[in-house]
> 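Structure incoming, see below.
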Amino acid sequence: MKRKPILGKGAVLAGFLLLTGIAKAQTADDALMMGKKQWCNGLTYTYSSWTNYWEGTLKRDNLNLGKVTTQSVMLMSNYGITNKLNLIVGLPYVWTNASAGTLHGLKGIQDIMVDLKYEFLKSKVGKEGRISLFGVAGFSTPLSNYENDFLPMSIGIGSTTASLRLTADYQKGIFFTTLSGDYVFRGDVSVERTAYYSDSYHQTSNAYVPNQLLSNLFVGIRKPNLVVQAQVYNMYTFGGTDIRRNDMPFVSNQMNMTTVGAHVKYFLPFLPSLQVVGGADFVVAGRNVGQAQIYNGGLYYIVSL
Amino acid sequence: MKNKLFAWTALIGLILTTASCKKDTSDRTASLPALSATSQDLTAGNWRLILLSRPDSFAVNAPVPTTSPLYAADINEIKALQKNLTGEQAGSIQYWAAGGVLRWNEIMRGLVAKYNLPPVQNADGTYPIPSAANPLAYPLFPFTNPPYAARAYGYVAAAQYDALVACWYYKTKYNRIAPYNADSNVHALYVNKTDLPSYPSEAAVLAGVTAEMMKLLFPGEIASIQARLEEQELATIASGAATRTDITAGEALGRQVAELFIARARGDNAGKAVGTPDDWANFETVCISQGLTPWYSLETPKRPPMLPLFYRVKPFLFDSATVVSLRPDPPPPVGSDQMNKEVAEVKGFSDNPTRDHIRMVTYWADGVGTYTPPGHWNAIAAEDFVKQNWSEVRMARNFALLNMTLMDAAIVCWDIKYHFFNPRPSQVNAAVKTLTGVPNFPAYVSGHSVFSGSAATILGYILPSQASKYQSMAAEAAMSRLVGGIHYRTDCEVGITVGNNVGHYAVLRAENDGAN
């Protein structure tokens with residue numbers, strides 16, 4: 001039974017104007033698998049904050065929000081059903097705060113995320129190279145009835161999602177690169193109001209939530225006890241509305257962003273079942289999202305059943 | 001292989017699950033049935049008018065005889081339209097057939113929501129003021145904040161009512177048979193056939209009066225409103241309910257009635273409601289001179305108070321002296337035991353928001369980007385009104401009663417707010433966090449409470465079977481402001497009482513307007 005390192009479900013990309021849905025785990029988007037009957041559990045803490053945000057394409061600050069922070073603790077569990085099929089479950093608790101103005105932060109259990117990850121191809125390329133292909137079927141749904149119509153203080157948008165991810169990984173020696181794309185079907189949501197204005201007036205409590213494509217590219221080194229990677233992450237929303245000038249954000253907004261960052265994970269030499277993860281990501285471009293800085297760290301413990 | 005099968009089954013299952021989460025995001029009134037009035041209210045031409053001195057203040061000439069070639073041409077136009085009706089035209093007939101008063105009320109609510117965005121500050125920390133002369137330049141005119149919106153709803157509804165009373169006067173005077181009754185080859189398409197005389201067309205009266213009012217209230221929307229007018233008029237002709245002649249006469253009458261209301265609006269002091277920096281400073285000075293704590297804007301940079309001189313606007317249901325007479329006792333002063341208790345109560349709610357409190361606050365927030373509390377009460381009323389099978393003129397009468405009430409409630413509320421100039425809870429105790437934005441005007445009394453109390457009173461008169469529902473909705477709207485952290489209990493409780501008092505004036509009018 002080989003033990004394979006994992007990255008924690010740490011990149012809850014919290015703290016954009018919205019933080020759910022985009023919270024795809026690194027375990028789901030990386031190229032690593034738990035071996036059969038290996039079970040990994042852990043916690044990741046994420047701190048995200050922004051002062052500037054994009055109102056549509058216009059970058060601005062808001063003195064009545066100041067710095068908006070979103071913090072979360074994600075409980076993550078990854079089980080190796082077989083060497084090639086992993087079940088990954090994540091459950092975050094999220095809380096928000098604005099440093100200026102009067103708006104009240106909100107807190108609560110957010111969306112449970114369930115991913116089935118399948119490695120359907122692994123083959124040698126050349127002398128030292130190896131290519132692997134993965135498919136991930138994901139599902140997420142709110143686990144509490146949190147308020148989704150008080151953005152940016154809401155902890156999520158309340159959408160139930162299903163997603164399909166394809167990941168290709170190439171490793172040569174200790175160097176690797178991973179390319180991954182995730183199409184996310186996002187269900188529409190109900191809001192508390194009976195009418196709202198997005199890009200037009202809607203006399204309904206149901207609000208459109210557009211689908212998304214999440215893409216990421218990792219480049220780095222991968223050794224049995226250490227992974228260090230630089231990464232670019234992109235979230236593209238298919239349609240949706242822009243925040244109007246000086247309006248509040250809304251669940252139907254087109255939320256796009258690109259982040260760059262670096263992540264590390266490390267198995268402690270004296271306690272090889274324990275994995276420490278950490279990372280930082282920075283939003284470098286966006287639309288209807290906060291220009292967030294995101295830091296996270298986590299601890300995971302692997303047992304063999 | 002087994003794994004693969006499992007994975008694919010799971011995936012397809014998940015996608016189907018999510019696909020089923022795609023809800024119906026179309027409007028709840030999109031497929032209302034065609035209006036089916038139980039009474040045509042043929043005596044409505046005698047109902048009490050608001051501004052017009054007589055129902056025939058504006059002359060409408062007798063229609064050409066049905067034997068004339070012009071009439072035959074009108075009928076032929078309908079036949080041609082009905083023969084070549086497009087799917088889009090059919091949809092448009094069905095849309096307007098639910099009722100023109102209802103549809104224009106919905107359009108108004110949409111416009112209020114569209115324009116209800118506070119201007120962003122200038123680089124120097126001052127705030128630009130929207131200009132009616134240049135409505136499409138930023139900041140867009142108008143900023144449809146609650147008092148502006150209340151007045152806009154009020155004027156449009158009042159003008160529609162007077163215009164329809166005049167319309168009904170001429171309908172019974174000329175008693176012109178509707179085209180679908182006049183010619184067996186003209187069909188009643190997607191509308192219910194009635195014996196209501198068609199000249200002048202009530203649809204065109206509504207379109208004309210509303211479009212004309214919009215020039216004043218939403219000058220940036222003239223083109224879009226004109227398009228809706230043309231859509232409604234064409235739909236009415238194509239439905240077989242009116243001829244081109246009925247339409248032309250109706251639109252002209254509507255526009256003339258609107259002119260009267262526009263003249264009133266230009267002189268009702270609303271244009272001066274923004275005030276000047278001296279006016280703004282004076283509220284503070286007066287408050288301090290009385291030894292009281294003045295209100296300060298909680299926004300950064302501090303925003304001038306919202307329409308502080310709106311209290312001088314001329315009401316519809318009573319005179320300006322009555323506005324002053326509706327003022328309640330002062331709020332407990334900041335620092336008093338009573339006020340300390342009230343602040344502590346707000347702080348308690350703020351510290352421990354329950355899920356149901358958050359729901360209440362969000363449901364009733366009606367803040368930035370919404371149709372405002374007056375719009376919310378129009379939405380509540382509309383939902384019940386459409387079930388009553390009223391004629392257009394009765395629908396207009398009841399919306400006019402509601403919206404004159406809401407406008408006058410705004411005037412009375414603004415009088416109280418700026419007379420007492422009392423601070424918000426978060427000003428008195430910065431630890432009070434709020435579950436919705438803090439409105440940029442003084443606390444006492446709560447605008448939501450006055451609006452809701454007034455609306456519940458007149459709506460309870462109009463639909464007595466729903467009266468207790470409206471009062472409990474009003475009570476929840478009021479309390480949402482307390483548990484949301486933006487009002488003291490006194491603001492809400494006194495606000496409801498003031499609102500009820502305003503509503504009684506509308507009831508007095510309704511009891512004597514000849515419509516019962």
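Convention: sequence-line order gives letters A, B, ...; per-chain numbering from 1.
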> Go through B:L111, B:T300, B:I358 and name the one with the most non-hydrogen pairs under 4.5 angstrom from chain A.
B:T300

> Does any backbone or side-chain atom of A:A207 lie under 4.5 Å from a heavy atom of chain B? Answer side chain, backbone, both or neither.
backbone

> Using atom types as modelled and distance alone, determine if a side-chain donor or acceptor of B:K433 lies under 3.5 Å from a backbone N or O of A:G101.
yes

> What is the minimum heavy-atom distance between B:G369 and A:Y197, and which atoms define it?
O-CB, 3.7 Å

> When you measure from the side chain of B:R355 to the backbone N and O of A:N145, does any donor-acceptor pair fall under 3.5 Å?
yes

> To the nearest 0.5 Å, what is the distance between CD on B:Q121 and CG on A:L63?
5.5 Å

> Rounded at 0.5 Å granularity, tell me how far OG1 in A:T204 sits from CG in B:D27.
7.0 Å

> Looking at B:A365, is its backbone amide N or carbonyl O close enough to the side chain of A:R193 to form a donor-acceptor pair, meaning the two atoms are under 3.5 Å apart?
no

> Counting only heavy atoms closer than 4.5 Å, note whether B:P353 contacts chain A via side chain, backbone, both or neither.
side chain

> For chain A, which of B:V368, B:V361, B:V120 has the most heavy-atom pairs under 4.5 Å?
B:V120

> Would you indicate whether the side-chain heavy atoms of A:D247 and B:N116 approach each other to under 4.5 Å?
no

> Ignoring hydrogens, what is the shortest heavy-atom contact between B:Y371 and A:A195? Give both atom names and the distance.
CE2-CB, 3.6 Å

> Between OG1 of B:T436 and CE of A:M248, what distance do you get to the nearest 0.5 Å?
7.5 Å

> Nearest 0.5 Å, what's the CG-CG distance between B:L298 and A:N64?
9.0 Å

> Tell me which of these, B:E106, B:E299, B:K114, has more heavy-atom pairs under 4.5 Å with chain A than the rest.
B:K114

> To the closest 0.5 Å, what do you measure between CD1 (B:I380) and OG1 (A:T194)?
7.5 Å

> Might you work through the side chain to side chain contact (heavy atoms under 4.5 Å, CB included) test for A:S205 and B:R28, ending with a clear yes or no?
CA-CA 9 Å; A:S205 291; B:R28 70 173 62 79; 4.1 Å; yes

> At a 4.5 Å cut-off on heavy atoms, which part of B:T434 comes close to chain A: side chain, backbone, both, or neither?
both

> Hey, does A:Y201 have a side-chain heavy atom less than 4.5 Å from the side chain of B:R109?
yes

> For the CH2 atom on A:W95, are there more than 12 heavy atoms of other groups (residues, nucleotides or ligands in this structure) within a distance under 6.0 Å?
yes

> Side chain, backbone, both or neither: which part of B:T370 has an atom under 4.5 Å from a heavy atom of chain A?
side chain

> Please state whether the side chain, the backbone, both or neither of A:T141 comes within less than 4.5 Å of a heavy atom of chain B.
neither

> Do other residues, nucleotides or ligands put more than 12 heavy atoms under 6.0 Å from A:K107 NZ?
no

> How long is the span from the OG1 atom in A:T102 to the CD1 atom in B:I486, to the nearest 0.5 Å?
8.5 Å

> Is there a side chain to side chain contact (heavy atoms under 4.5 Å, CB included) between B:L117 and A:R245? Walk through the geometry before answering.
CA-CA 8 Å; B:L117 294 172; A:R245 191 77 179 106; 5.5 Å; no

